[in-house]
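In what follows, a structure is listed as structure tokens, so that the remarks can point back to it.
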Amino acid sequence: MNKIISKEYFSDKVVRLEVEAPLIAKARKAGHFVIVRVGEKGERIPLTIADADVEKGTITLVVQMTGVSSTKLGKLEVGDSITDLVGPLGKATHIENFGTVVCACGGVGTAPMLPIVRALKKAGNKVITVLAARTKELIILEEQMRSLSDELIVMTDDGSYGNKGLVTNGVEKVLNREKVDLCVTIGPAIMMKFVSLLTKKYNIPTVASLNTIMVDGTGMCGACRVTVGGKVKFVCVDGPEFDAHQVDFDEMLMRLGGYKDFEREEMEKLSKLDKEG
Amino acid sequence: MPNISEERSKPWRVELRQSMKVKERMAIPRVVMPSLDPVYRAQNNEEVNLGLTPELAVLEAKRCIDCPEPTCMTGCPVNIYIPQFIKQIEIGEFAEAAKTLKMTSALPAVCGRVCPQEKQCEAKCIHVRTGKDPVAIGHLERFAADYERESGNISVPEVAAPNGIKIAVVGSGPAGLSFAGDMVKFGYDVTVFEALHEIGGVLKYGIPEFRLPNDVIDVEINNLRDMGVKFMTNCIVGRTISMEDLKAEGYQGVFVGSGAGLPRFMNIKGENLVGIMSSNEYLTRVNLMDAANPESDTPVFKGKKVAVIGGGNTAMDSVRTALRLGAERAMIVYRRSEEEMPARIEEVHHAKEEGIIFMTLRNPIEFLGNEQGRVTHMIVQEMELGEPDASGRRSPVEKPGCTETIEVDEVIISVGVSPNPLIPRSVEGLQLTKWGTIVVDEETMQTDIPMIFAGGDIVRGGATVILAMGDGRKAAASMHEWLQGKSGVS
Ligand SMILES: Cc1cc2nc3c(=O)[nH]c(=O)nc-3n(C[C@H](O)[C@H](O)[C@H](O)COP(=O)(O)OP(=O)(O)OC[C@H]3O[C@@H](n4cnc5c(N)ncnc54)[C@H](O)[C@@H]3O)c2cc1C
Ligand code: SF4
Ligand code: FES
């Protein structure tokens with residue numbers, strides 16, 4: 001059981017939780033994630049470790065309430081405990097001074113991008129972050145990203161905030177403007193696919209952090225498998241970060257769709273519960 | 001430990017042998033394990049085998065002729081004192097029989113249920129040589145262990161005075177649990193670290209409730225707790241804490257029982273389609289995450305036409321689970337013939353009773369899907385048996401031009417597992433085989449790094465519960481000896 005010691009709302013769907021986990025705080029590096037389970041009937045879901053405080057023995061999770069399990073987690077209050085928390089999992093992000101790095105994120109990928117932006121900056125990179133969402137209300141973590149990056153470009157599909165256009169329009173603008181050494185992308189698979197297609201055209205090395213379905217997170221089940229460079233890889237142990245130009249995004253998209261119907265049913269259950277109060 | 005011939009010469013045993021003629025004993029037909037009706041049980045998760053009644057157990061015990069040189073014992077990897085416990089059942093001393101089992105086996109209620117007896121103890125029973133059915137050793141073992149558990153008077157073994165020496169166990173499967181049990185008896189301060197949120201390893205996340213109820217395991221785990229073993233779940237050695245951390249915290253010995261957790265796939269076209277998964281994923285969802293329960297947040301596909309690829313226990317468990325989740329056609333697809341199937345005979349028999357379809361001498365070569373990427377068909381190649389291979393099993397060869405397309409909406413791949421790479425990857429200097437298993441001294445279970453011992457599937461590849469348990473006990477005895485030699489602990 002890991003106690004929540006502070007909580008902050010970034011928006012009504014995004015919260016920051018600081019959780020007691022001294023061993024994980026000590027062992028983790030940027031890019032690592034944890035598996036979390038809320039309640040005895042809870043599901044095991046992966047979440048990137050956004051930050052850690054070794055002295056306090058805490059880790060920080062930024063939770064975007066998109067599904068049943070993330071919503072249950074996001075609704076926990078200070079003093080509550082997370083039923084199960086295990087990690088750190090996955091391979092740490094490879095951080096060095098690459099030069100200029102474009103970080104392209106959107107949707108579910110915004111929170112996990114935060115610690116990567118911080119680590120890249122600390123290593124001396126010039127970091128340009130492109131933050132995208134469908135519409136103004138869905139832009140999250142803008143202030144945090146702005147303070148960590150050298151430049152922040154906000155994109156909305158409908159033009160309700162920042163620049164009108166997709167994340168790729170924002171990235172392309174930078175690629176046309178200056179020399180970029182690396183692109184990092186985290187977000188919905190479809191978004192990463194198009195960022196990857198774009199940077200391939202420009203020959204910019206690109207890293208994608210994949211958010212596949214997971215069960216155990218330790219390499220035991222194969223639920224998280226993806227094809228990278230023609231080979232099957234397990235995202236939880238071989239990843240989560242891969243050379244984006246080698247990832248078979250179409251297959252990944254197809255596999256992610258597998259449990260859509262279940263998730264819809266569960267969300268309906270949850271909203272019913274909410275109404276019943 | 002008892003001296004076999006001395007025990008056999010005790011007056012009660014002699015008298016018992018003389019109370020009935022060998023011929024009469026041999027004439028009793030083998031007991032049939034009472035089980036749930038196949039139609040009824042295929043719709044729920046209740047344990048299939050009901051266990052012997054005391055009357056049936058005593059009658060079955062009479063079939064054992066109490067051989068002077070009990071060959072059955074040589075078939076048991078941990079050399080259980082088989083005739084002794086059986087004769088104790090015959091005279092109604094069921095609790096004593098359970099004690100006899102526990103002298104060599106840490107988990108008799110589990111082994112009585114899951115051991116491949118037909119290849120081990122029962123294969124060596126004297127009755128087999130005379131063309132008769134062997135004594136039902138496994139059923140009797142289960143009977144005695146269940147009797148003790150259900151009586152509520154579990155004999156908690158004596159624990160030596162604490163010696164304060166800290167010992168770490170990696171993994172809580174049968175290897176880790178049996179190691180922990182013995183070490184705590186010797187007086188060590190034992191902590192078991194488990195990566196998952198539940199204790200029990202494959203016994204919990206793999207083997208289904210209808211074959212091995214969780215209660216049976218939980219009683220054993222609580223027993224260990226009562227004896228002083230500490231458990232730490234959600235803790236991965238090599239990630240959450242390192243071997244160095246353990247050393248720094250004063251642990252003087254580590255036993256690695258991290259199992260064979262890595263699922264193998266077939267590497268054929270279409271294998272990543274939606275609806276195709278490893279048996280580890282399928283069974284973990286259903287057993288560990290309780291996904292079939294509507295209350296559970298974890299989803300699981302409930303296929304109507306389910307093919308399970310493989311012929312081992314894991315395949316049988318998966319296909320029978322699929323049936324219980326509502327499959328109309330639950331199929332085993334296996335590339336050899338039924339005779340070569342590594343699964344326990346009883347499981348194959350139960351699966352058939354329940355209506356599982358057996359497609360043997362068939363090997364999938366490609367999976368086909370629809371626009372959503374969901375699997376819809378499977379192409380299988382017909383096979384025939386060729387020459388025996390290294391394992392002594394006749395190896396299957398393709399029958400040219402003979403393929404068949406089968407409709408499926410879910411496929412479970414159950415073609416074996418590889419050693420869990422977490423520990424091998426994170427501990428420098430550990431000697432590994434080319435299969436990724438940890439190399440140990442076969443006598444002592446000690447690795448190249450003196451303070452690290454290992455056993456179970458991480459050493460053997462996918463093996464059995466009884467072998468894992470035997471390794472754990474062997475490692476405990478030799479680690480104890482090693483530590484005594486090192487520091488003069490007694
Ligand atoms: C579905 C299925 C059915 C089976 N049926 C039978 C049967 O009928 N009869 C039979 O004899 N055998 C059967 N087996 C095989 C048997 O279960 C195994 O041989 C046995 O469980 C191996 O025991 P173990 O202790 O070595 O490992 P496991 O039971 O695999 O336990 C290892 C544990 O270690 C944990 N772990 C791994 N790495 C770490 C780490 N770094 N830190 C902390 N924890 C870690 C894992 O999470 C796991 O809980 C079956 C196996 C399966 C999968
Ligand atoms: S432990 Fe297994 S092999 Fe040994 S006697 Fe029992 S059933 Fe037979
Ligand atoms: S989540 Fe199970 S293997 Fe990656």
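To find a chain, count down the sequence lines: A is the first, B the second, and so on, and within it residues start at 1.
Side-chain contact between B:Asp245 and A:Lys26 is present, with at least one heavy-atom pair separated by less than 4.5 Å. Contact of the B:His197 side chain with the A:Thr83 side chain is not registered, since no non-hydrogen atoms from C-beta on lie closer than 4.5 Å. Between B:Tyr205 and A:Cys221, the closest side-chain pair of non-hydrogen atoms is not below 4.5 Å. Counting only heavy atoms from C-beta outward, the side chains of B:Thr298 and A:Arg44 never approach each other to under 4.5 Å.
In terms of heavy-atom pairs under 4.5 Å with chain A, the best-connected choice from B:Arg374, B:Glu271, B:Arg285 is B:Arg285. In terms of heavy-atom pairs under 4.5 Å with chain A, the best-connected choice from B:Gln372, B:Arg425, B:Met289 is B:Met289. Looking only at heavy-atom pairs under 4.5 Å with chain A, the residue among B:Leu283, B:Leu288, B:Ile276 that has the most is B:Ile276. Comparing A:Asp216, A:Val232, A:Leu85, A:Thr218 by heavy-atom pairs within less than 4.5 Å of chain B, the highest count is held by A:Leu85. Each of A:Gly39, A:Gly217, A:Gly90 has some count of heavy-atom pairs under 4.5 Å with chain B, and the biggest count is that of A:Gly90. The most heavy-atom pairs under 4.5 Å with chain A, out of B:Cys235, B:Gly373, B:Ala260, B:Ser242, come from B:Gly373.
The backbone N or O of A:Pro88 lies less than 3.5 Å from a partner atom in the side chain of B:Arg239, making a donor-acceptor pair.
Neither the backbone nor the side chain of B:Ile413 comes within less than 4.5 Å of any heavy atom of chain A. At a 4.5 Å heavy-atom cutoff, the contact between A:Arg37 and chain B is made by side-chain atoms alone. Looking at A:Leu89, the atoms closer than 4.5 Å to chain B (heavy atoms on both sides) sit in the backbone and in the side chain alike.
Taking CD of B:Glu281 as the start and CE of A:Met214 as the end, the distance is 12.0 Å to the nearest 0.5 Å. Here CE of A:Met1 is found 10.5 Å from OG1 of B:Thr233. Values are rounded to the nearest 0.5 Å. Interatomic distance, CE of B:Met277 versus CZ of A:Arg225, reported as 8.5 Å (0.5 Å rounding).
Checked against A:Ile24 for a side-chain contact (heavy atoms from CB on, under 4.5 Å), the options B:Ile241, B:Asn234, B:Thr240, B:Ile236 give a single hit: B:Thr240. With A:Met220 as reference, B:Asn280 is the one residue of B:Asn280, B:Asn420, B:Leu422 to meet the side-chain contact (heavy atoms from CB on, under 4.5 Å) rule.
The environment of A:Lys7 atom NZ is dense: over 12 non-hydrogen atoms of other residues, nucleotides or ligands sit within 6.0 angstrom. A 6.0 Å sphere centred on CD of B:Glu428 holds no more than 12 heavy atoms belonging to other residues, nucleotides or ligands. In this structure, B:Lys304 places its NZ atom where more than 12 heavy-atom neighbours from other residues, nucleotides or ligands lie under 6.0 Å away. Other residues, nucleotides and ligands contribute at most 12 non-hydrogen atoms within 6.0 Å of the CD atom of A:Glu55.
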task = Could you give me the CA-CA distance, side-chain angles and deciding distance for A:Arg255 and B:Asn272, then say whether side chain to side chain donor-acceptor pair (under 3.5 Å) is met?
result = CA-CA 8 Å; A:Arg255 287 182 59 78; B:Asn272 289 346; 4.8 Å; no
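Residues A:Gly219 and B:Pro263 share a closest heavy-atom pair of O-CD, 3.6 Å. Nearest heavy-atom pair, B:Leu273 versus A:Met254, reported as atom, atom and distance to 0.1 Å: CA-CE, 3.8 Å.
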